[in-house]
Amino acid sequence: MGLRDLSATEQIAELAAGRVSSLELVDAHLDAIARDDVEAFLAVDAEGARARAREIDALPERPPLGGIPLGVKDALSTRDIVTTSGSKMLEGFRPLYTATCVARLEQAGAVVVGKTNMDEFAMGSSTENSAYKNTLNPWDHDRVPGGSSGGSAAAVSAREVPWSLGSDTGGSIRQPAALCGIVGMKPTYGAVSRYGLIAFASSLDQVGPFARTVADAALLLKHMVGHDPMDSTSLEWPAPIDVPMATDLAGLRIGVVEELMGEGIDPGVKAAVEASLGKAEALGATIIPVNLPTALSGLATYYVLAPAECSANLSRFDGIRYGPSAEADNLLDQYEVTRGRLFGPEVKRRIMLGTFALASGYYDQYYGRAQRVRTLIVREFAQAFEGVDVLASPTSPTVAFPIGDRTADPYAMYLADVCTIPASLAGLPAISIPCGLSDGLPVGLQLAGPAFSENRLLDAAHALEQAIAFDTRPPGLAT
Amino acid sequence: MSDLEPVIGVEIHVQLSTRTKMFCGCAPSFGDAPNTHTCPVCLAHPGVLPVVNGEAVRRALIIGLALGCEIAPRSIFHRKNYFYPDLPKAYQISQFDIPICGRGEFTAIREDGSELTVGITRAHLEEDAAKLTHGGGRRAGADGSVVDFNRGGTPLVEIVTEPDLRSAADTATFLRQLRQTLLFLGVSDCSMEEGSMRADANVSVRPVGSQTLGVKTELKNMNSFRFLERGVEAEIARQREIIASGGHVQQETVHYEPDTGHITSLRSKEESHDYRYFPEPDLVPVAPDPAWVEQLRTEQPELPIPLRRRLVDEMGLTQEDAEVITGSPELVAYFMEAAGLADPKSCANWIRGELRAQLRETGQEPWESNVTPAHVAALVGLLAEGTVSVPAAKEVLAGVIETGDDPATVIEARGLGQMDAGDLSAIIAEIVNANPDQAQQLRDGKDKVMGFFVGQAMKRTGGRAEPQAVQALVRAAVLGE
C-alpha cells in the first residue's frame with residue numbers, strides 16, 4: 001500500500017505524526033495526476049499546490065485538514081486557475097475569485113491540486129459532454145465514470161486525490177460516486193455556499209464531497225457548511241457536522257422506495273442493494289417499504305425546471321466580457337456565432353428546452369406545472385419521513401455503461417438520474433455509498449434523509465459501510 | 001375633436017442613492033471613469049450570486065409608505081430575460097407579480113389649489129442596466145458601441161401609476177410633486193439630467209365618457225419635466241389627428257424630439273420581447289418585519305403636500321409661496337426656523353423673493369449662505385417695527401450676505417436706520433422747493449410725478465427713507481394735505 005491508498009483521515013494522521021510532509025503527499029499525488037490514466041483532470045496547478053504544501057509544512061501548527069491534496073470540479077471558480085466548467089465557452093478563463101467552499105477548505109488546510117473534468121456546465125450523466133475529453137471509469141476504461149462530476153469521482157477512485165469536490169443538481173455527485181465505487185454526498189440545499197459554483201440550475205445546484213470513506217466525506221463537508229454572506233440561499237448550519245462513529249443501526253427505520261426498486265432497475269443493482277439492506281437489518285435497522293408515487297414524475301419535472309433555470313443562467317456567456325469570442329459584424333451575430341460555436345449540443349438542447357418552458361403562453365403548462373409537482377414531491381418526502389428516518393434506493397439504475405452507449409439517445413442518458421432527482425427536487429441530503437458489485441462493476445446505495453439530517457445520514461452510512469466492507473480499489477489500478 | 005379625452009399613466013424609475021449597488025458591494029457612480037465601479041458580481045462573472053441591498057429595501061419601503069402603498073409581507077424577485085450588452089447577466093433582476101409595494105395613491109395640488117389624485121399601481125425594486133454609448137464613445141475611431149458598467153446594478157424603484165391623468169399639464173404637476181416628495185424622503189437625488197429619475201408616459205385618447213381605454217403609446221425617457229409635458233401634449237395632438245382622420249393609433253414606443261417638436265416611433269410593440277419572467281432562484285423572499293415597517297411609518301418626515309396645505313391654511317402663505325417654500329427639505333427647514341421667530345408670511349416673502357434674488361449671483365441656496373433664518377426673522381421684525389425702510393432692508397440683507405453680521409449690526413455700521421421724521425421733512429421741503437415744476441404738476445393732479453419725488457428722496461437719503469412716508473410728506477408740503 002502506498003501513500004495514495006490511505007484515506008484522507010489516515011493521511012492527516014500521518015502528517016500529524018510527522019511521518020510524512022504535506023509536500024511529499026502532494027508530490028505523490030501530482031505524480032499520479034501527471035499520468036492521469038483515467039483522464040480525470042482538465043487543469044493541474046502543480047506549482048501552486050507545492051508552494052501551498054511548503055507553506056503548510058512550515059506552519060507551527062498543522063491546520064485541521066493537514067495539507068493534503070484536494071481535487072476540485074471545474075464548475076467551481078478558482079482564482080487564477082483556469083476554470084472552464086467543461087466548456088469551450090470558458091476556454092482559458094482565469095477567474096478573479098475563488099468559490100467560498102474552496103476558500104473555506106483551503107483555509108482549513110486543503111491543497112487544491114487541479115480541476116477535474118465534467119460534463120459541459122454540469123449537464124450530463126457520463127462526462128462525455130465535456131468539451132475537452134472523456135474521463136474513463138477506473139474500474140473499466142471502456143466505460144463512463146458517470147457525471148456530471150465524473151472527473152472528481154474518477155480521480156478519487158483512481159487514487160489521484162484522496163478526496164474531491166463535486167456539484168450535484170440532479171445526481172451529479174451521487175451517480176458518478178456509485179459508478180466509480182466511492183462515497184459521494186449531496187447535502188441539504190443551502191448547506192454549502194454556491195458562491196463561485198458556475199450555475200446550472202440555481203434552485204437545485206449543491207456542492208458536496210467525494211471520498212473513499214464516509215468519514216472522509218463527513219470531514220470535508222464539516223469544513224464547508226454554513227451561511228455565506230455572498231449566497232442568500234446558504235443556511236446557518238444548526239450543529240457541526242460530526243465525523244461518524246456509529247457501528248450499528250439500532251432503532252433506525254429505513255424506508256425502501258418501492259418505485260425505485262422495480263422496473264428499469266438492473267437485477268444486479270437490485271440484488272446488491274437488497275443484500276446491503278439485509279446487512280442493515282442485521283445491524284438493528286427496521287426495513288419498511290415506502291411509496292413515493294410522484295417520485296417517478298421527478299425526472300420530467302426536473303427536465304423542465306433545470307433547463308428553464310439554465311436557459312437564464314447561461315445567457316451571460318456572450319463572449320463580450322470574458323471567454324473566447326467570435327468575430328462578428330453586428331450584435332446579433334456576435335451572440336449567435338459565439339454561442340452557436342462554443343456551446344456543445346447538450347447545452348444547446350437544454351437552453352432551448354428551458355427557453356420554451358418559460359415562453360409566454362407555455363409558462364403555466366410547463367414551468368408552472370413543474371413547480372407544482374415539485375411541491376408535491378416535497379410533501380411526499382415529508383410524509384414519508386413521518387414513518388422512517390432514512391430512505392434507501394439504488395443510486396443509479398445501472399452500473400457504469402460503455403462510453404458512447406447512450407450519447408445518441410438523450411432520454412436514455414436522462415434516465416441515469418431517475419433515482420437521484422427526487423431528493424434534489426426536495427432539497428434533501430442524500431449520500432451514495434458503494435454496496436457491492438454487479439458484473440464486476442460497483443453498485444451504489446443511496447440513503448436520503450430530511451433536511452439537516454446529515455449527521456444521522458452519515459452515521460447510518462458509516463455503520464453500513466463497515467458492515468459491507470467494500471474494497472474501493474479498482475482492480476488493475478497501477479500503484 | 002374636442003370629444004376625445006387623453007388618458008395618461010406614468011412609469012417612473014428612481015435611482016436610489018445608496019452607498020452600494022442593488023446586489024453587490026460596488027458604489028454606484030455618475031461621471032466617474034468608465035468601468036471603475038465594478039466587481040465580478042455586477043459584471044456577471046461565472047459563479048457569482050446577487051445579495052439584496054438592505055438599505056435599498058428600506059428606501060423602497062419608505063417610498064411605498066409615502067405613497068400609501070400596501071406593503072407586501074413577502075415579496076419576491078423575478079428574472080426578466082433579454083440579451084443586450086448593457087445587461088451582463090442577460091436578465092434583469094426585477095419584481096413581477098409580488099412587488100414590495102402594492103396599491104397606493106398620491107395627491108398633488110394644482111396651481112389653482114385643486115387636488116390631483118393619482119392611483120399608484122405598484123412600486124417595485126430592480127437593478128439598473130449599464131450605460132451604453134453608441135458610435136465609439138471615447139474609443140477614438142471606433143464606430144461600435146462601448147459599455148460602462150458603473151451604472152449597472154444601481155438600485156432602482158420603479159413606480160407605476162394607474163391611467164388616472166387627463167392632461168399633459170397634470171402629468172407634469174404630478175411628476176414634479178412626486179419628485180419633491182421623493183426628495184423629502186431622502187431616498188434619491190432625483191436628477192432628471194443625470195438620469196437618477198426617469199419617466200415614461202403611457203398615452204392614449206378615448207371618447208369622453210368611455211370607460212374603455214384606447215390603444216396606448218409609450219413616450220420614452222424624457223429628461224426634463226418641461227419636455228415631458230410638451231411631449232405628452234404633442235403625442236395627444238398626434239393621436240387626436242390620427243383618429244380625426246379616421247385612422248387607428250398603433251401600439252408602439254415613441255420619442256419626442258424637443259428640437260422639432262415631432263414625435264418619432266422607436267419600435268413597434270409587435271417586435272416586443274418575451275421576457276420569460278420566472279422567480280429568481282438565487283434570492284430568498286423579502287419579508288420585512290412588520291414592526292420595522294411600522295417604525296419606518298412613524299419616522300416619516302412631514303411630506304411636501306400636507307406641508308403645503310398647512311403653510312396655506314395655518315400660516316397664511318399663498319399657494320405659490322407654499323409651492324416655492326416646499327421646493328426642498330432644506331428650504332422648508334430654513335423657512336420653518338425663521339417663521340418660528342417672526343411673521344411667517346413676511347418671512348416667506350423675503351425668503352422666496354429678495355433673499356433668493358440676491359443669492360442668484362453667487363448661486364448659493366439660502367441655507368448655504370451667511371444669512372441664517374434668525375437673520376431673516378430679525379429683518380422682518382425690524383421692518384415691522386419701522387426701524388428700516390423696505391429699500392434699506394434690501395441693503396441690509398446685502399450686507400448680511402456679505403458679512404454674516406446680524407441685521408442690527410449692519411444697520412448700525414452702514415447707517416441704514418429709518419430717518420428721523422424731522423430730518424426727512426426738512427429734506428422733502430428742500431426737494432419741493434428745488435423742483436417747482438414738478439410740484440405744480442402734482443397740484444395739477446398728475447400723480448405720476450410722485451415717483452420723481454420718491455426717487456429724489458431716496459437719492460438724498462441713501463435709501464433710508466420709507467417710500468410711503470416720503471409720499472405723505474410730499475403731499476403735505478405741496479398740497480397741504
Side-chain angles (χ1 to χ4, degrees), chain A residues 75-77 83-85 87 89-90 93 95-97 99-100 121 190 193-199 201-205 228-234 305 308-309 311-318 320-323 330-332 334-335 339 354-363 367-368 371, chain B residues 23-25 35 38-54 57 76-94 96-97 130 132 134 143-149 152 272-287:
Chain A
L76 287 159
S77 188
T83 299
T84 68
S85 208
S87 181
M89 188 59 93
L90 287 172
F93 175 68
L96 297 173
Y97 72 101
T100 300
F121 288 111
S193 168
R194 289 183 296 118
Y195 186 72
L197 171 63
I198 298 176
S202 313
S203 75
L204 296 154
D205 294 343
D228 171 14
M230 298 301 279
D231 177 2
S232 321
T233 65
S234 65
L305 296 180
E309 291 183 20
S311 72
N313 283 333
L314 268 59
S315 293
R316 69 187 58 193
F317 301 108
D318 56 14
I320 293 177
R321 281 150 294 121
Y322 45 76
N330 60 56
L331 185 62
L332 189 62
Q334 163 83 43
Y335 288 134
R339 291 168 67 82
T355 303
F356 182 78
L358 290 172
S360 161
Y362 294 97
Y363 181 92
Y367 187 84
Q371 284 291 27
Chain B
F23 298 115
C24 69
N35 297 311
T38 59
C39 72
V41 175
C42 58
L43 289 175
H45 273 236
V48 298
L49 297 170
V51 176
V52 172
N53 180 338
V57 170
I76 60 170
F77 287 96
H78 269 68
R79 291 184 182 178
K80 178 181 180 179
N81 296 284
Y82 63 94
F83 283 95
Y84 211 57
D86 64 2
L87 195 63
K89 296 188 295 295
Y91 56 83
Q92 179 192 36
I93 303 177
S94 182
F96 186 54
D97 50 0
L132 266 187
H134 298 291
D143 57 359
S145 302
V146 290
V147 197
D148 176 7
F149 289 101
S272 75
H273 295 95
D274 177 357
Y275 291 120
R276 292 179 284 117
Y277 279 100
F278 73 100
E280 166 57 284
D282 286 335
L283 292 172
V284 292
V286 175

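These numbers come from the heavy atoms of this one structure, side chains and all, not from hydrogens, waters or symmetry mates. Everything numeric in this text was worked out from a predicted model, so none of it was measured.
Note that the CD atom of E309(A) and the CD atom of E280(B) stand 9.0 Å from one another [nearest 0.5 Å]. Taking OH of Y84(B) as the start and OH of Y335(A) as the end, the distance is 8.0 Å to the nearest 0.5 Å. Atoms OG and OH, from S315(A) and Y91(B) in turn, are 8.5 Å apart once rounded to the nearest 0.5 Å. Here NE2 of H45(B) is found 10.5 Å from CG of L90(A). Values are rounded to the nearest 0.5 Å. Rounding to the nearest 0.5 angstrom, the gap separating the CZ atom in R276(B) from the OG atom in S311(A) is 5.0 Å. Here L283(B) contributes atom CG and T233(A) contributes atom OG1; the two are 8.5 Å apart, rounded to the nearest 0.5 Å.
If you measure heavy-atom distances from D282(B) to chain A, the contacts under 4.5 Å come from both the backbone and the side chain. Looking at N313(A), both its backbone and its side chain come within 4.5 Å of chain B, counting heavy atoms on both sides. A99(A) does not touch chain B: none of its heavy atoms, backbone or side chain, sits under 4.5 Å away. Looking at A75(A), neither its backbone nor its side chain comes within 4.5 Å of chain B, counting heavy atoms on both sides. Within the 4.5 angstrom heavy-atom criterion, no atom of V147(B) approaches chain A. Contacts between T355(A) and chain B at a heavy-atom distance below 4.5 Å involve backbone atoms as well as side-chain atoms. For P46(B), the parts lying under 4.5 angstrom from a heavy atom of chain A are both the backbone and the side chain. At a 4.5 Å heavy-atom cutoff, the contact between L197(A) and chain B is made by backbone atoms alone.
No side-chain heavy atom of L305(A) sits less than 4.5 Å from a side-chain heavy atom of F278(B). Side-chain contact between L358(A) and Y277(B) is absent, with no heavy atoms from C-beta onward closer than 4.5 Å. Annotation: side chain of V48(B) is in contact with side chain of R316(A) (closest heavy-atom distance under 4.5 Å). Put simply, the side chain of L331(A) reaches to within 4.5 Å of the side chain of P85(B), judged on heavy atoms.
In this structure, the side chain of D274(B) engages the main chain of S360(A) through a donor-acceptor pair within 3.5 Å.
Across every non-hydrogen atom of V284(B) and S232(A), the tightest pair is CG1-O, 3.6 Å. Here the shortest heavy-atom pairing between P281(B) and R194(A) reads O-NH2, 4.0 Å.
Ranked by heavy-atom pairs under 4.5 Å with chain B, the first of S193(A), S203(A), G323(A), G196(A) is G196(A). Taking chain A as the reference chain and counting heavy-atom pairs below 4.5 Å, the highest number among P88(B), G25(B), A90(B) is found for P88(B).
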Start with the C-alpha distance between Y195(A) and V41(B), add both sets of side-chain angles, then the distance that settles side-chain contact (heavy atoms from CB on, under 4.5 Å), and finish with yes or no.
CA-CA 10 Å; Y195(A) 186 72; V41(B) 175; 3.9 Å; yes

Test side-chain contact (heavy atoms from CB on, under 4.5 Å) on F83(B) and Q334(A); report intermediate values, then the result.
CA-CA 11 Å; F83(B) 283 95; Q334(A) 163 83 43; over 6 Å; no

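Counting non-hydrogen atoms of neighbouring residues, nucleotides and ligands closer than 6.0 angstrom, the CZ atom of F93(A) exceeds 12 such neighbours.
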